[in-house]
Q: 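One structure follows; several queries about it will come next.
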2 protein chains.
Amino acid sequence: MISVMIVDDDPFVSGSLKIILDNEPDIEVKAVAGSGEEAVKLAPSVAPDVIVMDIRMEGMNGTEAAQKIIENGSSAAILFLTTFLDDEYINKALKIGAKGYIIKQDCGSLPSSVRAVASGQAVFGGKVVEKLPDLLNRKERFDPSEFDITPKELEVIKFVADGLSNKEIAEKMFLGEGTVRNMVSSILTKLDLRDRTQLACFYYQKMV
Amino acid sequence: MISVMIVDDDPFVSGSLKIILDNEPDIEVKAVAGSGEEAVKLAPSVAPDVIVMDIRMEGMNGTEAAQKIIENGSSAAILFLTTFLDDEYINKALKIGAKGYIIKQDCGSLPSSVRAVASGQAVFGGKVVEKLPDLLNRKERFDPSEFDITPKELEVIKFVADGLSNKEIAEKMFLGEGTVRNMVSSILTKLDLRDRTQLACFYYQKMV
DNA sequence: CGTCGGAAATGACATTTGTCATTGACGAAA
DNA sequence: TTTCGTCAATGACAAATGTCATTTCCGACG
């Protein structure tokens with residue numbers, strides 16, 4: 001028997017979901033929470049196998065609630081429900097280790113999704129998968145002014161990300177090798193990185 | 001009733017899978033193919049809802065067979081089975097629009113996965129999901145075999161491109177630091193690069 | 001004029017990195 | 001069995017890198 005907790009701030013939705021799931025012989029809805037906060041409170045005592053959670057809610061939203069619940073030591077598999085595709089949310093959901101992300105509309109597939117998630121698989125609504133590649137390629141923009149990176153340092157960063165040595169960079173910029181070394185060092189400190197390789201990685205991941 | 005075709009070149013495996021699935025009241029195994037070629041031939045007449053396919057097979061492998069089948073107009077949802085995580089395969093599987101990719105070991109979850117896939121969701125084995133972010137970001141204009149890059153070396157390249165030091169890579173791969181150093185050195189020779197930073201650049205420019 | 005501050009440079013140092021020759025372990029092949 | 005080839009490891013070494021304290025230079029500003 002799979003125990004489930006439903007979290008949705010719309011009583012009509014959570015009611016419908018409960019009916020759908022309770023109708024399955026091997027699924028039992030143990031609790032229904034009307035908000036993220038309530039879900040966090042209930043999770044430890046209910047200890048459900050699966051938490052079916054709306055991702056858009058008043059107050060604490062789905063990902064926040066899920067994060068809290070996971071932090072509190074729950075081993076529940078989180079299955080997010082959404083009415084549409086929201087890039088930001090999918091990203092966060094993946095990051096915190098959600099086990100599923102499906103579209104409310106096809107509630108017919110909900111029971112089988114719950115079962116799959118309960119048995120350790122991860123489930124995504126068909127259209128979500130198609131979007132995954134795009135989503136994961138998206139990077140948080142990098143704002144040089146945010147980190148006090150000067151124009152000259154920016155130039156150095158690009159050279160490093162081209163695989164040049166300090167000496168080569170020095171020649172290109174008409175500086176001493178030691179100077180370039182100091183600049184690299186200062187850049188690393190500002191960006192909280194360890195070495196030029198990490199700087200190159202940072203460049204390609206956040207700046208290009 | 002969900003109709004299923006099983007494809008595996010190991011009769012023991014396909015037999016076991018058939019038993020597991022036939023045991024479910026709402027799932028019916030309509031056909032069992034012993035090779036990719038046979039699967040392509042059977043698919044049109046069987047017209048299953050779901051094809052459960054081993055990804056590693058003699059002759060035509062899983063992804064090739066799946067591609068053919070899809071090209072031939074089948075609307076079957078493809079659910080790949082694998083004994084371990086193979087990056088390249090996951091990539092290809094996703095590209096050709098597979099609906100699932102799960103680990104053979106947890107065959108207990110197979111029925112629920114089949115149901116989820118049949119109802120239009122996408123299913124991934126738990127550990128596969130964790131790797132998704134890495135995998136999806138990778139486009140390959142670069143053919144490792146072209147340069148005699150071994151799988152282990154490929155792994156090292158990825159770690160370098162993550163900014164890890166030799167020592168850190170060594171720990172992750174359970175090798176000595178000197179060994180990793182030698183591997184990096186050998187990679188650099190093969191790719192005609194100078195240092196690890198250039199390797200990271202190469203990775204992001206040619207391999208990602 | 002002096003001096004303040006930033007950019008550039010220097011020198012010293014520890015660490016990391018890349019290269020190479022060599023060795024041991026292990027399995028496949030003869 | 002021996003031999004071969006590959007993988008992992010080791011040790012030694014030079015080079016590149018990163019850090020830090022210090023110094024020089026130069027323009028701005030009082």
Side-chain angles (χ1 to χ4, degrees), chain A residues 142-207, chain B residues 56 58 83-88 142-207:
Chain A
F142 164 78
D143 180 10
S145 60
E146 182 90 33
F147 292 88
D148 283 335
I149 298 294
T150 68
K152 210 160 292 196
E153 285 174 333
L154 204 55
E155 204 177 344
V156 171
I157 293 179
K158 282 175 192 162
F159 282 132
V160 169
D162 256 342
L164 301 195
S165 70
N166 289 331
K167 191 185 290 190
E168 290 166 336
I169 297 175
E171 284 169 12
K172 291 229 178 205
M173 295 180 68
F174 306 103
L175 296 175
E177 179 185 349
T179 307
V180 176
R181 245 192 264 178
N182 289 338
M183 294 180 73
V184 171
S185 182
S186 129
I187 294 169
L188 294 179
T189 303
K190 286 177 185 173
L191 296 181
D192 195 27
L193 300 171
R194 180 155 33 89
D195 52 49
R196 66 199 300 101
T197 306
Q198 290 194 342
L199 178 55
C201 301
F202 180 89
Y203 176 82
Y204 285 106
Q205 288 175 353
K206 300 282 173 63
M207 298 176 66
Chain B
R56 285 214 166 216
E58 304 291 326
T83 37
F84 49 87
L85 297 174
D86 190 318
D87 301 8
E88 305 317 314
F142 165 77
D143 180 11
S145 61
E146 185 87 32
F147 292 88
D148 282 335
I149 298 294
T150 68
K152 211 159 293 197
E153 287 174 334
L154 201 56
E155 205 177 345
V156 171
I157 294 179
K158 284 172 204 162
F159 282 133
V160 169
D162 254 344
L164 300 196
S165 70
N166 289 330
K167 191 185 292 189
E168 288 166 336
I169 297 175
E171 284 170 12
K172 291 231 180 206
M173 296 181 67
F174 305 103
L175 297 174
E177 179 185 349
T179 308
V180 175
R181 238 190 266 181
N182 289 338
M183 295 180 73
V184 171
S185 182
S186 132
I187 294 170
L188 293 179
T189 304
K190 286 176 184 173
L191 297 181
D192 193 29
L193 300 171
R194 181 153 33 91
D195 53 49
R196 66 200 298 102
T197 305
Q198 289 193 344
L199 177 55
C201 300
F202 178 89
Y203 176 83
Y204 286 107
Q205 288 174 355
K206 300 283 173 59
M207 299 174 68

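Chain letters run A, B, ... following the sequence lines, proteins first, then strands; residues in each count from 1.
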Q: Base, sugar-phosphate or nothing for A:N182? Non-hydrogen atoms, less than 4.0 Å.
A: base
Q: Give a yes/no on whether any side-chain N or O of A:K167 is located under 4.0 angstrom from OP1 or OP2 of D:dA15.
A: no
Q: CG of B:L188 versus C1' of D:dA16: gap in Å, rounded?
A: 13 Å
Q: Indicate yes or no: does A:R181 engage A:E177 in a salt bridge with an N to O separation below 4.0 Å.
A: yes
Q: I want to check one thing: is the phosphate of D:dA16, taken as OP1 and OP2, less than 4.0 Å away from some side-chain N or O of A:S165?
A: no
Q: Rounded to whole Å, please give me the gap between CG in B:L193 and P in C:dT19.
A: 10 Å
Q: Determine: side-chain N/O of B:R181 to OP1/OP2 of C:dT19, distance under 4.0 Å, yes or no.
A: no
Q: Let me know the distance between CG of A:D192 and P of D:dT19, rounded to the nearest Å.
A: 11 Å
Q: Using a strict threshold of under 4.0 Å (side-chain N to carboxylate O), is an ion pair present between B:E168 and B:K172?
A: no
Q: Are side-chain heavy atoms of A:L191 and A:F202 found at a separation under 4.5 Å?
A: yes
Q: Whole Å only: how far is the CG atom of B:L175 from the P atom of C:dG24?
A: 20 Å
Q: Looking for any heavy atom pair under 4.0 Å, which part of the strands does A:G178 touch: base, sugar-phosphate only, or nothing?
A: base
Q: Can you name the closest pair of heavy atoms from B:M183 and B:L175 and give their distance?
A: SD-CD1, 4.0 Å
Q: May I have the distance from A:R194 (atom CZ) to C:dA14 (atom P), rounded to whole angstrom?
A: 20 Å
Q: What is the distance from CD of A:E177 to P of C:dA8, rounded to the nearest Å?
A: 16 Å
Q: For the pair made of CD1 in B:I187 and P in C:dG18, what is the distance, rounded to whole Å?
A: 10 Å
Q: Take atom CD of B:E168 and atom C1' of C:dT17, then tell me their distance rounded to the nearest Å.
A: 14 Å
